[in-house]
Amino acid sequence: MEVFLPYGIFLLVSCLLGFLCDTYNYNRTLLFFTFAVVCIFWSIRYMIGYDYAGYIIIFDAIRAGDNSYVEPGYLLLNKLFSYSPSGFLGAITIMTVATYYFLFRIFIREQALGWGLLFSMLFHLQFMFSNQIRQGFVLIVFIFIIPLLEEKKYIRFSLIVLVLTLMHTSAIALLLTIPISRIKISKWIWLGAVVSSYLLYLAGFFKILGTVVIRILPEYGTGLYDQLEGDFYSMQGFSSLMLFWTLVSIFLLLYSEKINRPVMMNIYLSGIILYSIFFEYFLLVRVIYYFFYLSVPLAAILCVKERGWIRISFVSTCLLAFYLMCASLSGMHGAYPYQTLLDYPGYKRYQMIKNM
């Protein structure tokens with residue numbers, strides 16, 4: 001409950017404001033207020049993600065003159081705030097504002113801000129933003145530029161992707177979406193592929209195959225694999241969370257004609273299949289998140305176009321799953337009990353950074 005309550009209240013308030021923005025044709029004052037509420041909630045967070053402490057370490061190291069930690073884009077941002085009174089809080093706030101700027105732009109473009117804010121919480125996208133700060137920014141810019149793929153403007157898309165690598169190197173994987181976007185197969189073939197990949201995962205096929213491949217690599221047995229094993233090979237087994245994502249993908253696929261975004265759907269479904277294949281391999285899954293989180297705009301678009309019991313049942317199921325996941329899987333993307341810089345020891349730590 002200590003995990004769900006603050007996030008549940010934030011979910012309710014932000015989504016109500018989002019739906020009001022939709023209703024009143026994105027009144028500037030109301031839209032700015034909604035944006036401010038969301039950005040403030042996440043900007044003043046403290047230590048609620050796996051990576052948060054690491055970003056403080058990175059900031060302190062850059063401030064001390066070590067430039068080896070991160071890509072040039074985030075390095076420059078940290079340098080800009082190295083001697084600012086706001087310190088780390090300033091850097092984290094800028095990243096939050098930039099990320100949510102693109103998130104809002106995406107859903108205003110789709111006329112679905114309320115639904116977008118809802119599913120970005122229910123599907124843990126906002127938790128990812130609060131945890132994987134650099135990759136979260138790259139992910140949301142990628143979703144923002146998907147219309148370039150839909151319009152077959154591949155050169156412009158590729159140039160933006162190359163720029164995004166300055167913020168997170170893994171962005172280079174987004175170039176794979178160009179050939180994926182051109183796939184033309186029926187939804188029933190997609191359905192068979194999604195279900196088969198999930199069943200093969202449950203049978204342990206991909207874990208066995210991955211172990212065999214790793215053991216024949218030249219580096220195996222030299223100590224390198226042992227050093228990487230904890231970060232790379234997670235050995236998770238059955239996951240209720242993964243089952244939920246698979247069921248969501250099947251639902252969205254069955255209503256793909258209603259959504260009518262074939263390029264986005266192709267990339268998303270490819271991501272779900274890759275998610276099943278590489279679920280045991282933590283580092284690869286983090287790259288697949290780029291494809292995987294297209295579930296958020298697809299679900300929002302569906303709820304704008306589809307009314308009645310279909311929308312009600314889908315949203316109700318996702319709300320229930322969100323509550324259960326917050327209760328039992330509080331570590332998902334940093335969905336820990338919410339605390340701010342005003343909480344001890346958060347405020348104390350911030351004062352230390354500010355006064356350095």
Side-chain angles (χ1 to χ4, degrees), residues 11-12 14-27 30-31 34-35 38 100 102-126 139-152 177 180-191 193-195 244-273 290-322:
L11 173 67
L12 177 63
S14 62
C15 290
L16 284 176
L17 289 171
F19 284 119
L20 285 174
C21 289
D22 293 329
T23 301
Y24 291 100
N25 197 28
Y26 306 106
N27 173 274
L30 182 58
L31 186 59
T34 305
F35 184 74
V38 173
Y100 281 97
F102 285 104
L103 183 78
F104 272 60
R105 286 285 303 273
I106 289 165
F107 293 119
I108 291 172
R109 182 174 64 197
E110 301 294 346
Q111 301 288 295
L113 182 59
W115 292 114
L117 290 175
L118 176 67
F119 283 106
S120 62
M121 278 294 286
L122 298 187
F123 291 172
H124 292 253
L125 179 60
Q126 292 194 49
L139 167 63
I140 204 62
V141 175
F142 161 60
I143 296 177
F144 180 72
I145 64 173
I146 277 186
L148 295 178
L149 290 177
E150 295 173 330
E151 298 165 10
K152 299 182 180 180
T177 61
I180 292 173
S181 69
R182 300 174 64 87
I183 295 174
K184 294 182 179 180
I185 57 178
S186 74
K187 71 177 183 181
W188 303 112
I189 295 177
W190 275 121
L191 180 62
V194 169
V195 173
F244 173 70
W245 297 141
T246 303
L247 294 176
V248 167
S249 70
I250 292 172
F251 181 87
L252 294 175
L253 177 58
L254 293 176
Y255 288 92
S256 57
E257 287 88 355
K258 178 72 71 171
I259 298 172
N260 193 27
R261 300 296 288 273
V263 169
M264 193 182 298
M265 186 66 72
N266 282 350
I267 299 170
Y268 166 61
L269 293 173
S270 299
I272 287 295
I273 293 169
Y290 289 126
F291 300 24
F292 170 87
Y293 275 113
L294 286 172
S295 57
V296 174
L298 289 170
I301 293 168
L302 176 61
C303 285
V304 169
K305 295 183 176 182
E306 184 61 61
R307 301 176 184 274
W309 71 269
I310 294 174
R311 185 167 74 181
I312 293 172
S313 59
F314 179 55
V315 173
S316 299
T317 302
C318 292
L319 278 167
L320 177 61
F322 175 74

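- For Tyr293 against Phe123, the heavy-atom pair with the smallest separation is CE2-O, 3.1 Å.
- Note that CG of Leu11 and CE of Met121 are 5.0 Å apart. Values are rounded to the nearest 0.5 Å.
- Contact annotation: the side chain of Trp190 approaches that of Ile183 to within less than 4.5 Å [non-hydrogen atoms, C-beta and beyond].
- In this structure Pro262 satisfies the side-chain contact (heavy atoms from CB on, under 4.5 Å) test together with Asn260, sequence neighbours excluded.
- Salt bridge present: Arg261 and Glu110 bring a charged side-chain N and a carboxylate O closer than 4.0 Å.
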**Thr177 vs Tyr290, side chain to side chain contact (heavy atoms under 4.5 Å, CB included): CA-CA, chis, key distance, verdict** = CA-CA 10 Å; Thr177 61; Tyr290 289 126; over 6 Å; no
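- Between Val38 and Gln126 the shortest side-chain heavy-atom distance falls below 4.5 Å.
- Taking Lys187 as the reference, Glu257 meet the salt bridge (Lys or Arg N to Asp or Glu O under 4.0 Å) condition, with sequence neighbours excluded.
- Taking all atoms of both residues into account, the shortest heavy-atom contact from Tyr268 to Trp245 is OH-O, 4.1 Å.
- Between Asp22 and Ile108, the closest side-chain pair of non-hydrogen atoms is not below 4.5 Å.
- Within 6.0 Å of the NZ atom in Lys305, the count of heavy atoms belonging to other residues, nucleotides or ligands exceeds 12.
- If you take CG on Leu20 and CG on Leu113, they are separated by 10.5 Å, rounding to the nearest 0.5 Å.
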**Message:** For a side chain to side chain contact (heavy atoms under 4.5 Å, CB included) check, start with the C-alpha distance between Leu247 and Thr317, then their side-chain angles and the critical distance, and finish with the verdict.
**Reply:** CA-CA 11 Å; Leu247 294 176; Thr317 302; over 6 Å; no
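- The two residues Leu125 and Leu139 come nearest to each other via the heavy atoms CD1-CD2, 3.4 Å.
- In this structure the side chain of Phe291 never reaches within 4.5 angstrom of the side chain of Leu269, judged on heavy atoms.
- Counting only heavy atoms from C-beta outward, the side chains of Met265 and Leu298 approach each other to under 4.5 Å.
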**Message:** Using side chain to side chain contact (heavy atoms under 4.5 Å, CB included), reason through Val296 and Phe107 one step at a time and then give a plain yes or no.
**Reply:** CA-CA 10 Å; Val296 174; Phe107 293 119; 3.6 Å; yes
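- Using a 4.5 Å cut-off on side-chain heavy atoms (C-beta onward), Leu17 and Leu31 make no contact.
- Minimum heavy-atom separation, Thr34 to Cys21: OG1-SG, 3.4 Å.
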**Request:** Go through the steps to decide whether Ile272 and Leu253 satisfy the test side chain to side chain contact (heavy atoms under 4.5 Å, CB included), and finish with yes or no.
**Result:** CA-CA 11 Å; Ile272 287 295; Leu253 177 58; over 6 Å; no
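- Looking at every heavy atom in both residues, Ser249 comes nearest to Val194 through OG-CG1, 3.6 Å.
- Contact annotation: the side chain of Leu117 approaches that of Phe104 to within less than 4.5 Å [non-hydrogen atoms, C-beta and beyond].
- Distance check: Ile145 CD1 to Glu150 CD gives 11.5 Å after rounding to the nearest 0.5 Å.
- Between Ile140 and Ile143, the closest side-chain pair of non-hydrogen atoms falls below 4.5 Å.
- To the nearest 0.5 Å, atoms CZ (Phe35) and OG (Ser14) are separated by 13.0 Å.
- Ser316 places no side-chain N or O within donor-acceptor distance of the main-chain N or O of Ser313, the cut-off being under 3.5 Å.
- Using cut-offs of 30° and 60° on the angle between ring planes, the pair Phe251 and Tyr255 is tilted.
- By the side-chain contact (heavy atoms from CB on, under 4.5 Å) test, Val315 pairs with Trp115, Leu118, Phe119, Cys303, Arg311, Leu319, sequence neighbours left out.
- Taking CZ from Phe292 and CD1 from Ile267, the interatomic distance works out to 15.5 Å, rounded to the nearest 0.5 Å.
- Of all heavy-atom pairs spanning Leu252 and Ala299, the tightest one is CD2-CA, 4.0 Å.
- Taken from CD1 in Ile312 to CZ in Arg307, the straight-line distance is 11.0 Å, to the nearest 0.5 Å.
- Environment of CZ in Arg109: crowded, with over 12 heavy atoms of neighbouring residues, nucleotides or ligands closer than 6.0 Å.
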